[in-house]
There are 2 protein chains.
Amino acid sequence: MDKEKIERYRKLGLKMTPQRLAILEYLEGNTSHPSAEDIFRHVEEKFPSMSFATVYNTLEALKEKGLIIELNIEPGKKRFDPNIEPHHHMICEKCHRIFDVFEDFSVDLPPKYAQKFKVKRSQVVFYGLCSRCAEESK
Amino acid sequence: MDKEKIERYRKLGLKMTPQRLAILEYLEGNTSHPSAEDIFRHVEEKFPSMSFATVYNTLEALKEKGLIIELNIEPGKKRFDPNIEPHHHMICEKCHRIFDVFEDFSVDLPPKYAQKFKVKRSQVVFYGLCSRCAEESK
DNA sequence: GTGTTTGCAAAGAATTTGCAACGAA
DNA sequence: TTCGTTGCAAATTCTTTGCAAACAC
């Protein structure tokens with residue numbers, strides 16, 4: 001990661017330890033929506049002494065700074081998305097992979113509901129079969 | 001619960017134990033999207049010897065029969081929705097309550113995505129503030 | 001009577017916490 | 001030097017499992 005980018009993180013109040021750098025590098029551009037364990041398994045290779053606590057600590061810090069989004073999509077575990085642009089997801093009910101959808105659907109609550117709830121953002125989740133799984137089940 | 005309804009559950013292959021009845025009665029028409037613990041706490045009053053295992057076992061059975069839907073909305077815990085009609089949710093980011101939205105938004109994937117993913121159903125989640133919390137933070 | 005369900009306790013998975021040692025700034 | 005971060009281990013929270021006794025049908 002280049003110095004400029006590191007400096008930007010630092011300015012946000014994040015101490016840039018080597019472990020954090022490795023986590024950030026793993027997340028950068030990652031579209032696999034990894035779990036804490038996925039991240040740990042990967043960064044562990046570079047830092048065998050890594051602790052799960054460090055992974056969670058870093059993810060929490062990144063979440064607070066608004067640099068990643070926590071996804072509650074899979075029962076029992078969190079997943080993390082480094083893409084903070086508003087976007088939607090397609091979830092394959094067979095392989096459980098999550099795919100991004102960059103499209104503006106402009107879903108608006110009808111007045112009946114909007115009066116009682118102030119919407120900040122909305123998210124559409126599509127459930128179904130990815131092409132790979134659809135192919136396999138033919 | 002009336003005999004007719006009980007008979008309907010029985011026909012689905014569910015043995016209707018008193019515990020299951022109590023859980024079903026608690027869920028019927030319940031719009032609070034309760035967690036396993038919420039359900040346990042309530043049914044426990046009637047059956048002090050109740051076990052968490054029974055709650056989970058019943059919820060799993062109901063889910064398999066398509067009588068309830070499991071919601072993965074809150075990190076670390078499942079919530080259950082006895083309303084199986086397609087509907088959407090508004091989630092208050094302050095009090096974490098979940099509200100139902102019965103409205104057809106007809107969100108469709110553009111061809112670019114639809115070619116690679118076969119959508120079975122979609123769900124919209126609105127994040128924001130409920131009126132009670134919006135009022136309080138004024 | 002048969003086979004499922006219950007209750008209990010123990011195991012398991014994911015996450016959080018306390019704290020001394022460490023290290024980025 | 002200072003204060004936040006790391007690593008470790010223990011604790012917590014939520015869920016699942018194994019098994020004998022109980023019970024629905």
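Scope of the values below: all heavy atoms of this structure, side chains included, with no hydrogens, waters or symmetry mates. Lettering of chains follows the sequences in order, A, B, ..., and the numbering in each one begins at 1.
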- [ ] Please work out which of the three classes, parallel, tilted or perpendicular, describes the rings of A:H33 and A:H87, given edges at 30° and 60°.
- [x] tilted
Open item on the list: Less than 4.5 Å apart, side chain to side chain, heavy atoms only: is that true for A:Q19 and A:V43?
Closed with: no
Task: A:Q19 vs C:dG23: side-chain N/O to OP1/OP2 distance below 4.0 Å - done: no
Task: A:R97, CZ atom: more than 12 neighbouring heavy atoms under 6.0 Å - done: yes
Open item on the list: Is B:N57 close enough to C:dT6 that one of its side-chain N or O atoms is under 4.0 Å from OP1 or OP2 there?
Closed with: yes
Task: Validation row: B:F105, A:P110 side chains within 4.5 angstrom (heavy atoms) - done: yes
Task: Nearest-Å distance for atom pair CG/P, residues A:N72 and D:dT13 - done: 18 Å
- [ ] Starting from P on C:dA14, measure out to CD1 on A:I73 and report it in whole angstrom.
- [x] 17 Å
- [ ] Please determine, for the side chain of B:K15, which listed nucleotide (C:dT6, C:dG23, C:dG3) has the closest atom?
- [x] C:dG3
- [ ] Work out how much the helix from C:dG1-D:dC25 to C:dA25-D:dT1 bends between its end axes, five pairs an end, to the nearest 10 degrees.
- [x] 50°
Open item on the list: With a 3.5 Å distance limit and no angle check, can you tell me whether B:K77 reaches the backbone of B:S35 through a side-chain donor-acceptor pair?
Closed with: no
- [ ] Name the residue closer to the 5' end of DNA chain D, choosing between B:S35 and A:A61 according to the nucleotide with the nearest heavy atom.
- [x] A:A61
Open item on the list: Strictly below 4.0 Å: does B:K77 bring a side-chain N or O up to OP1 or OP2 of D:dC14?
Closed with: yes
Open item on the list: On DNA chain C, does the nearest nucleotide to B:L14 precede the nearest nucleotide to B:S49 from the 5' side, or the other way round? Give the residue.
Closed with: B:L14
TODO: Look at atom CD of B:E7 and say whether more than 12 heavy atoms of other residues, nucleotides or ligands are closer to it than 6.0 Å.
DONE: yes
TODO: Check the distance between C:dA24's C1' and A:L21's CG and give it to me in whole angstrom.
DONE: 12 Å
- [ ] Please check the phosphate of D:dA24 (OP1 and OP2 only) for any side-chain N or O of B:R10 closer than 4.0 Å.
- [x] no
Open item on the list: A quick test of your reading: do over 12 heavy atoms of other residues, nucleotides or ligands sit less than 6.0 Å from NZ of B:K94?
Closed with: yes
- [ ] Return the value, rounded to whole Å, for the distance between atom CZ of B:R79 and atom P of D:dT15.
- [x] 11 Å
Open item on the list: Could you tell me if the side chain of A:I39 sits less than 4.5 Å from the side chain of A:T58, heavy atoms only?
Closed with: no
Task: Interatomic distance where NZ belongs to A:K3 and C1' belongs to C:dA24 [whole Å] - done: 15 Å
TODO: Nearest whole angstrom, please: distance from the C1' of C:dA25 to the OH of A:Y9.
DONE: 19 Å
- [ ] Classify the nucleic acid contact of B:A36 as base, sugar-phosphate or nothing, counting any heavy atom under 4.0 Å across all strands shown.
- [x] sugar-phosphate
Open item on the list: Please report the distance, rounded to the nearest Å, between CG in B:L59 and C1' in D:dT16.
Closed with: 13 Å
TODO: May I ask you to decide whether A:R41 forms a salt bridge with A:E37, counting only side-chain N to carboxylate O separations under 4.0 Å?
DONE: yes
Open item on the list: Measure CZ/A:F40 against P/D:dT6 and give the value in whole Å, please.
Closed with: 13 Å
TODO: Classify the nucleic acid contact of B:P18 as base, sugar-phosphate or nothing, counting any heavy atom under 4.0 Å across all strands shown.
DONE: sugar-phosphate
Please write out each protein N/O paired with an N/O of nucleotides 16-21 of chain C under 3.5 Å, distance rounded to 0.1 Å.
residue : atom : partner : partner atom : Å
C:dT16  : OP1  : A:K78   : NZ           : 3.2

Open item on the list: Of the options D:dC14, C:dA24, C:dA14, whose atoms approach the side-chain atoms of B:E37 most closely?
Closed with: D:dC14
TODO: Taking only the side-chain nitrogens and oxygens of A:T17, find out if one of them lies under 4.0 Å from OP1 or OP2 of D:dT5.
DONE: no
Task: Position toward the 5' end of DNA chain D (nearest nucleotide), B:F80 or B:I6 - done: B:F80
Open item on the list: Assess whether a salt bridge exists between A:R121 and B:E93, defined as any Lys/Arg side-chain N lying under 4.0 Å from an Asp/Glu carboxylate O.
Closed with: yes
Task: Side chain of B:S51 - closest among C:dC8, D:dG7, C:dT6 - done: C:dC8
Open item on the list: Taking the side chain as everything from C-beta on, heavy atoms only, tell me whether B:L59 gets closer than 4.5 Å to B:K78.
Closed with: no
